[in-house]
Each structure stands twice: as structure tokens, then as C-alpha cells.
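This report refers to the structure that appears directly beneath it.
Keep in mind that this is a model prediction, so the values were computed, not measured.
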Amino acid sequence: PYKSSGWRLFLRGCERLQALCIGAVQKLKSNSGAENVGSVQKPSLTSIPLSFRGVPIGVPKQRAALESLCLETAKRKEYCHDINPDQDKQLVGVQFGNIHVPLLDTRVGADGAVNFVKGYGTNDELIQLASLLTEKFGEPKKELSTVHTRIGTSYEKLTFSWIDERGNVLVVETRSVSVDSGSFMFASAAEIGKKTGEAAAVREASKGKL
């Protein structure tokens with residue numbers, strides 16, 4: 001119901017952000033509180049590689065590790081052989097911190113790298129998750145912005161974001177799905193580049209139709 005989405009919020013300036021952060025030698029200073037209302041901020045650089053339940057993000061040959069994680073709750077082993085969106089895998093989920101995450105929104109590259117993981121929760125659950133992730137990855141960049149429903153009602157939205165030295169990103173957002181719920185998202189540097197390239201291609205195609 002909102003005019004903004006996690007991807008739209010994140011993809012603005014993604015190319016410049018990735019170039020800035022990969023190979024950085026100095027950790028960016030993190031904000032102590034939510035500030036710069038309505039602006040898009042750079043995620044906080046963490047020296048700890050981002051990972052989902054111990055499975056590193058953006059690192060090749062991780063399909064087997066993800067399948068093993070999937071088998072914790074899968075009813076049949078074949079559900080976990082190929083993590084792609086389909087009806088069967090809606091039944092497969094794992095515990096991530098304080099949130100139960102279906103592996104439906106998970107993408108694995110041809111090289112076996114886990115490139116994308118997304119999960120959903122209530123606003124309170126996501127704030128708690130952000131606190132747990134802060135203990136693991138350090139202080140995030142925090143943003144307080146305003147979102148609007150279709151009928152014009154305004155709500156405050158919290159965004160917590162981290163980026164590691166490989167350019168992989170973790171974003172936790174309240175009120176990104178509905179008034180009461182939001183999401184978290186891991187995205188590898190390869191996934192970010194893919195989305196940025198797709199957005200650029202759509203933009204160029206649109207220019208030709210002006």
C-alpha cells in the first residue's frame with residue numbers, strides 16, 4: 001500500500017555505494033540514532049561478512065549449506081534440492097533470530113552463491129531482530145522516514161542497514177509491507193549489480209518511447 005519499497009529505497013545510488021564500500025579500509029561512522037528524515041543513507045560498513053544462519057552471502061558453493069539448513073523443517077528432502085520460488089517451498093521455513101522465515105524468497109546463483117534472502121515480520125519483531133543483528137554485525141545505519149497509505153495516512157518507518165566489505169547488504173525495515181509489518185532482506189553485491197543494471201535498462205528503454 002505504500003508509495004516506496006525496499007528495493008526502490010535501496011537502489012537509488014546503488015552503483016556509487018557499491019564502488020565506495022568494496023575494499024574500504026576504514027569503517028564508516030554509524031549514527032547513534034535515527035536522523036536525516038526522508039533521506040536515503042549509506043548502510044553502515046561492517047567488518048563481519050554478512051551471513052544468513054551461518055551461510056555467507058555472495059560466496060560461491062553454498063547451495064549445500066542452504067539445503068542442509070532447509071532440511072531442518074522440510075517434510076521431504078526434495079523440497080530443498082533447488083531453492084527456487086514454487087508452491088512446494090512455501091512449506092519450508094527456518095528460524096532466523098526471533099522470526100520464522102519461509103525460504104520462498106531465496107535466490108541462489110549458478111555458482112551456488114546465496115544472493116538474496118527475504119523474510120517478513122511484525123514491526124515489533126523486526127525492531128527486535130535489528131537489535132539482535134546489531135549484536136552480531138555492529139551498529140547499523142538508521143533512518144527514520146515517512147510513508148503514506150493510499151488514503152493519505154502518514155506513518156513513521158524505521159530502516160536499519162549494513163553493508164560488508166564485499167558489498168553485500170542487509171536491510172531491516174518496519175512498515176514496508178503494511179501499517180503493522182515489514183521485512184528484512186539480504187542482497188549480495190552480484191544481486192545489487194543485477195538489479196541496478198535492470199533498472200538502467202528499463203530507464204534507457206523508456207527514453208526511446210518519450
Side-chain angles (χ1 to χ4, degrees), residues 1-12 14 30-31 33-44 46 50-53 55 57 66 69-70 72-74 79 83-107 114-137 139-163 168-188 191-192 195 199:
Y2 295 120
K3 298 178 181 178
S4 63
S5 67
W7 273 120
R8 195 154 47 237
L9 175 70
F10 173 70
L11 283 175
R12 299 175 190 171
C14 217
S30 60
N31 286 350
E35 53 187 49
N36 293 336
V37 174
S39 66
V40 177
Q41 299 184 20
K42 299 180 181 69
S44 181
T46 175
L50 294 176
S51 61
F52 173 74
R53 284 290 306 272
V55 181
I57 302 298
L66 186 62
L69 186 60
C70 172
E72 285 185 1
T73 52
Y79 284 1
I83 306 295
N84 284 312
D86 63 39
Q87 187 172 0
D88 284 343
K89 293 180 185 62
Q90 292 185 36
L91 302 175
V92 180
V94 298
Q95 193 72 23
F96 179 60
N98 60 310
I99 295 179
H100 190 73
V101 183
L103 292 178
L104 174 67
D105 290 322
T106 302
R107 290 198 280 276
V114 178
N115 289 324
F116 186 80
V117 179
K118 191 168 186 177
Y120 305 88
T122 66
N123 294 330
D124 288 343
E125 287 174 335
L126 290 163
I127 290 171
Q128 182 182 352
L129 178 64
S131 177
L132 294 172
L133 291 168
T134 297
E135 293 182 22
K136 182 173 184 178
F137 297 119
E139 284 292 329
K141 188 69 73 174
K142 301 170 186 175
E143 180 185 3
L144 177 64
S145 59
T146 303
V147 293
H148 306 274
T149 65
R150 291 174 181 171
I151 62 174
T153 306
S154 299
Y155 294 94
E156 289 184 345
K157 173 182 176 180
L158 284 169
T159 302
F160 308 86
S161 54
W162 297 258
I163 186 168
N168 306 313
V169 171
L170 167 59
V171 179
V172 178
E173 296 179 307
T174 64
R175 294 196 167 107
S176 60
V177 177
S178 70
V179 171
D180 301 314
S181 64
S183 63
F184 74 85
M185 176 191 71
F186 287 91
S188 70
E191 182 75 9
I192 294 164
K195 290 294 181 182

Passes side-chain contact (heavy atoms from CB on, under 4.5 Å), Thr106 versus Val117? Steps please.
CA-CA 4 Å; Thr106 302; Val117 179; 4.1 Å; yes

For Phe160 and Leu133, what are the C-alpha separation, side-chain angles and deciding distance, and is it a side-chain contact (heavy atoms from CB on, under 4.5 Å)?
CA-CA 10 Å; Phe160 308 86; Leu133 291 168; over 6 Å; no

For the pair Phe52 and Phe96, name the ring-plane relationship: parallel under 30°, tilted 30 to 60°, perpendicular over 60°.
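Geometry flag for Phe96 against Phe52: tilted rings.
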
State, to 0.1 Å, how close [X] and [Y] come at their nearest heavy-atom pair, and which atoms those are.
X	Y	value
Pro140	Thr134	CD-OG1, 3.5 Å
Arg175	Lys157	O-CD, 4.3 Å
Thr174	Ile127	CG2-CG1, 3.9 Å
Cys70	Val92	SG-CG1, 3.0 Å
Ile57	Ala187	CG2-C, 4.2 Å
Ser176	Gly182	OG-CA, 3.3 Å

Look up atom [atom1] in [X] and atom [atom2] in [Y], then write down how far apart they are to the nearest 0.5 Å.
X	Y	atom1	atom2	answer
Leu132	Ile99	CG	CD1	9.0 Å
Asn168	Phe116	CG	CZ	13.0 Å
Lys141	Trp162	NZ	CH2	12.5 Å
Asp124	Asn98	CG	CG	10.0 Å
Phe184	Lys118	CZ	NZ	10.5 Å
Ser44	Leu170	OG	CG	11.0 Å

Can you tell me if CD on Glu156 sees more than 12 non-hydrogen neighbours from other groups inside 6.0 Å?
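It does not: Glu156 CD has 12 such atoms or fewer within range.
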
Distance-only donor-acceptor check, side chains Ser188 and Asn115, under 3.5 Å:
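Looking only at side-chain atoms, Asn115 and Ser188 do form a donor-acceptor pair, the distance falling under 3.5 Å.
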
Would you check if Leu158 and Leu144 make a side-chain contact, meaning some heavy-atom pair closer than 4.5 Å?
yes

In the structure I gave you, are the side-chain heavy atoms of Met185 and Glu191 within less than 4.5 Å of one another anywhere?
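They are not in side-chain contact.
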
Do the side chain of Thr46 and the main chain of Phe137 share a donor and acceptor less than 3.5 angstrom apart?
yes

